[in-house]
Amino acid sequence: MDTDVILRTAGLGKRYGNRWAVQDLNLTVRRGEVFGFLGPNGAGKSTTIRMLLSLVAPTTGSVELFGKPLGSARGDVLRRVGGLVERADFYLYLSARKNLEIVSALRGGKDGVDEVLHTVGLAGRADDRVKTFSHGMKQRLGLAQALLGWPEFIILDEPTSGLDPQGIKEVRELIRRLGTERGITVFLSSHLLGEIEQTATSMAIINRGVLAVQGRVRELLEGGDNVVRVRATPWETALRVAEGVAGTPALRVEGDAVDVPLAADRVPLLVAELLRAGTAIHAIVPRRSLEDYFLAITEGATDIAPRGGRGTEG
Amino acid sequence: MGILVRLELLKTFRKWRTFIGFLAIGLIIPLVHVAFKLEGGSAVRSVTRALEGDFFLAGNLFNTYFITQLILNSLWVHVPFLISLVAGDSLAGEATAGTFRLLLIRPPSRSAILLAKYLTTLLYTASLVLLLFALSLGLGVVLFGTGDLLVPGRILTVLPEALLPGRMALAFALALAAMWCVASLAFFFSSLVENAVGPIVGTMAVLVVFLVLGSLPMDLSAQVRPYLFTSHMNVWQSAFADPLPWDTVRTAVAWLAGHAIGFYLATWYIFARKDILS
């Protein structure tokens with residue numbers, strides 16, 4: 001057992017009715033990482049985070065925290081995790097301090113309330129009712145409750161949403177410091193590539209509930225050949241084949257071009273498969289940017305082929 | 001569990017909503033007493049006048065026990081409403097506020113949190129019913145004094161004063177059993193929705209429909225009556241019967257407890273599996 005692995009999901013999936021919000025998700029987060037979980041709105045980030053924190057039961061697959069299954073060791077592992085899920089909500093009729101004391105008591109502790117209030121810059125408003133707080137202050141208090149007891153692993157869902165530029169800067173700075181100064185592993189979701197680029201060491205991109213790519217931020221963003229553009233006809237077949245080889249969704253861009261995230265050493269396999277499927281290949285071009293790819297899925301301006309079930313493995 | 005109950009009590013008793021019940025009872029009971037003090041003499045005489053032809057009525061019949069007995073009729077609808085205000089909010093309120101996301105990502109299991117919330121709901125209900133009895137009896141003693149209890153009904157019963165403290169305590173316990181059952185129903189509804197209005201309306205609707213269903217002058221009504229928990233809600237009236245109908249009391253309490261446990265188990269079944277999307 002790799003003791004450095006803090007979080008591992010295996011085949012994690014969630015279906016609401018007949019729509020899959022998250023499908024076959026395999027994530028690995030290691031100790032000391034700031035792991036950026038990037039995806040456009042509605043990509044399945046929050047559903048994933050809710051499954052990691054036991055708010056939502058997975059339809060398929062499992063979550064392991066610190067090497068133990070969340071399903072059976074829930075109390076044990078959640079004691080070592082702090083979390084903020086979506087908008088920071090509190091008991092509005094209670095003071096900030098009382099709210100934190102409640103969370104602290106649920107974690108089985110009592111101390112540290114003043115320290116985290118100080119860390120997020122709310123010490124001066126500790127005894128005011130949360131009702132009187134602005135959105136930005138609630139969001140800071142949300143961070144404070146996640147930090148209570150300085151857990152080993154902190155899961156933050158869009159922690160900078162709704163903050164002013166100064167607040168965003170401070171929160172990002174705080175997240176970086178959590179990793180470097182306190183050795184806390186952070187799982188951070190965002191729909192902003194820039195935010196992940198600035199704060200995270202590793203990242204995964206999720207789109208339409210499916211993992212598109214996962215790796216070290218530096219390698220992914222500077223590697224330059226992580227996305228391949230395929231021009232082949234018929235493009236429908238090319239897209240299907242590309243997805244089969246990459247194991248992730250591909251995008252149709254401008255006419256018969258298809259973009260797919262793919263490592264350079266898998267391009268020969270892609271060519272072989274395209275030929276085997278009987279497509280006419282016009283060009284296969286490595287493209288720099290994960291950024292372009294991410295922008296494309298964020299804008300949703302291009303078609304994303306629906307993935308047919310989960311039959312694309314291998 | 002002690003810590004979880006303490007946290008729930010803290011949340012409940014810091015909420016304005018919780019005090020609506022205490023406030024309502026604290027206002028209505030003195031009003032009723034004052035009204036009886038001003039007008040009640042004639043009201044009770046109209047009851048006793050019919051009897052005076054055949055019986056000789058002596059002593060202070062218009063006393064605290066008599067008034068309290070009348071006030072207990074608020075256990076049909078008024079008190080259940082005040083209970084469902086809080087019981088219906090217990091789970092749905094956290095969904096509305098989004099605070100399940102604060103509460104349920106922590107080590108305590110959902111079962112433990114649910115039990116703490118249920119116990120807190122029962123404690124709130126008990127404090128409300130206790131206030132009703134204590135205020136009514138206490139104020140009554142001051143304004144009207146004590147005396148024998150005249151129990152209206154098909155058979156005229158007069159309970160001697162010496163028995164009444166014990167009978168009132170029994171009535172309190174039985175009323176509490178009925179109100180706990182109502183609280184359990186509201187608590188169950190609270191697990192189904194994300195807003196407290198639904199559970200409140202739902203609880204009152206069930207009460208009214210069941211009460212009507214149980215009292216229609218039809219064969220069908222007579223057939224279903226024993227199976228409706230509302231038909232056993234008036235078990236506190238047994239405390240004023242002479243001799244005490246222990247069989248009726250036992251049956252009613254068993255039905256009420258059975259329903260309460262059933263409601264709780266149904267709530268647990270739903271809540272333990274529920275996806276928290278609020």
Side-chain angles (χ1 to χ4, degrees), chain A residues 14-16 21 46-47 49-59 70 72-95 98-110 129-131 138 141-142 144-146 148-149 151 154-155 157, chain B residues 1-20 23 85-86 89-117 119-120 124 191 194-196 268-278:
Chain A
K14 180 66 188 181
R15 191 181 57 209
Y16 294 117
S46 277
T47 300
I49 284 178
R50 280 169 193 262
M51 287 193 280
L52 301 185
L53 289 168
S54 83
L55 290 175
V56 163
T59 310
L70 178 64
S72 55
R74 187 186 168 282
D76 259 4
V77 298
L78 288 187
R79 208 176 300 282
R80 303 161 69 180
V81 177
L84 170 61
V85 186
E86 286 185 32
R87 200 183 62 236
D89 280 315
F90 292 93
Y91 302 103
L92 297 176
Y93 52 95
L94 298 176
S95 69
K98 263 278 174 286
N99 270 284
L100 293 187
E101 280 171 7
I102 288 175
V103 172
S104 188
L106 288 168
R107 289 178 46 84
K110 217 176 164 138
R129 287 177 181 216
V130 179
K131 189 179 290 189
K138 280 187 205 160
L141 191 58
Q145 60 83 30
L148 266 176
I154 294 183
I155 298 176
D157 190 5
Chain B
M1 184 49 64
I3 289 174
L4 291 181
V5 173
R6 239 192 30 240
L7 291 179
E8 287 305 323
L9 285 172
L10 168 90
K11 286 191 278 181
T12 307
F13 285 91
R14 288 286 185 98
K15 248 186 173 177
W16 166 231
R17 171 187 292 271
T18 305
F19 294 93
I20 295 175
L23 218 66
L85 270 183
V86 169
D89 188 55
S90 180
L91 296 163
E94 301 258 8
T96 311
T99 42
F100 271 142
R101 284 182 273 117
L102 210 57
L103 189 60
L104 299 180
I105 63 172
R106 310 296 170 190
S109 67
R110 288 202 193 178
S111 303
I113 285 178
L114 190 74
L115 185 58
K117 282 189 165 293
L119 292 176
T120 303
Y124 162 77
S191 70
E194 303 196 342
N195 186 309
W268 175 79
Y269 183 84
I270 288 164
F271 187 67
R273 283 157 186 75
K274 194 176 192 182
D275 283 342
I276 303 299
L277 303 173
S278 56

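A, B, ... follow the sequence lines: proteins, then strands. Residue 1 opens every chain. Computed from a predicted model, the values in this text were never measured in an experiment.
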[atom2] on [Y] to [atom1] on [X], rounded to 0.5 Å:
X	Y	atom1	atom2	result
A:Tyr16	A:Thr47	OH	OG1	4.0 Å
A:Glu101	A:Gln145	CD	CD	14.5 Å
A:Leu84	B:Leu102	CG	CG	9.0 Å

With a 4.5 angstrom heavy-atom cut-off, could you sort out which part of [X] is near chain B: side chain, backbone, both or neither?
X	result
A:Arg107	both
A:Arg80	neither
A:Asn99	side chain
A:Leu94	side chain

When A:Val77, A:Val56, A:Asp76 are compared by non-hydrogen pairs under 4.5 Å with chain B, the top option: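 Heavy-atom pair counts peak at A:Val56.
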Pick from A:Val81, A:Leu92, A:Val103 with the largest number of heavy-atom pairs that fall under 4.5 Å of chain B: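 The candidate making the most pairs under 4.5 Å is A:Val103.
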Could you look at [X] and say if it's the side chain, the backbone, both or neither that has a heavy atom under 4.5 Å from chain A?
X	answer
B:Leu103	both
B:Ile3	side chain
B:Leu7	side chain
B:Thr96	neither
B:Lys15	both

Would you say the side chain of [Y] lies within less than 4.5 Å of the side chain of [X], judging by non-hydrogen atoms?
X	Y	value
A:Lys138	A:Arg87	no
A:Leu53	B:Leu104	no
A:Ser54	A:Leu70	yes
B:Trp16	B:Leu23	yes
A:Lys98	B:Leu10	yes

Heavy atoms only, distances under 4.5 angstrom: which of B:Arg110, B:Lys274, B:Arg6 has the most pairs with chain A? Name it, please.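 Top count of heavy-atom pairs under 4.5 Å with chain A: B:Arg110.
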For each of B:Arg273, B:Glu94, B:Arg14, tally heavy-atom pairs with chain A at distances under 4.5 Å, and name the one with the top tally.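 Heavy-atom pairs under 4.5 Å are most numerous for B:Arg14.
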Which word best sums up how the rings of B:Phe271 and B:Phe100 line up, parallel for under 30°, tilted for 30 to 60°, or perpendicular for over 60°?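 Correct class here is tilted.
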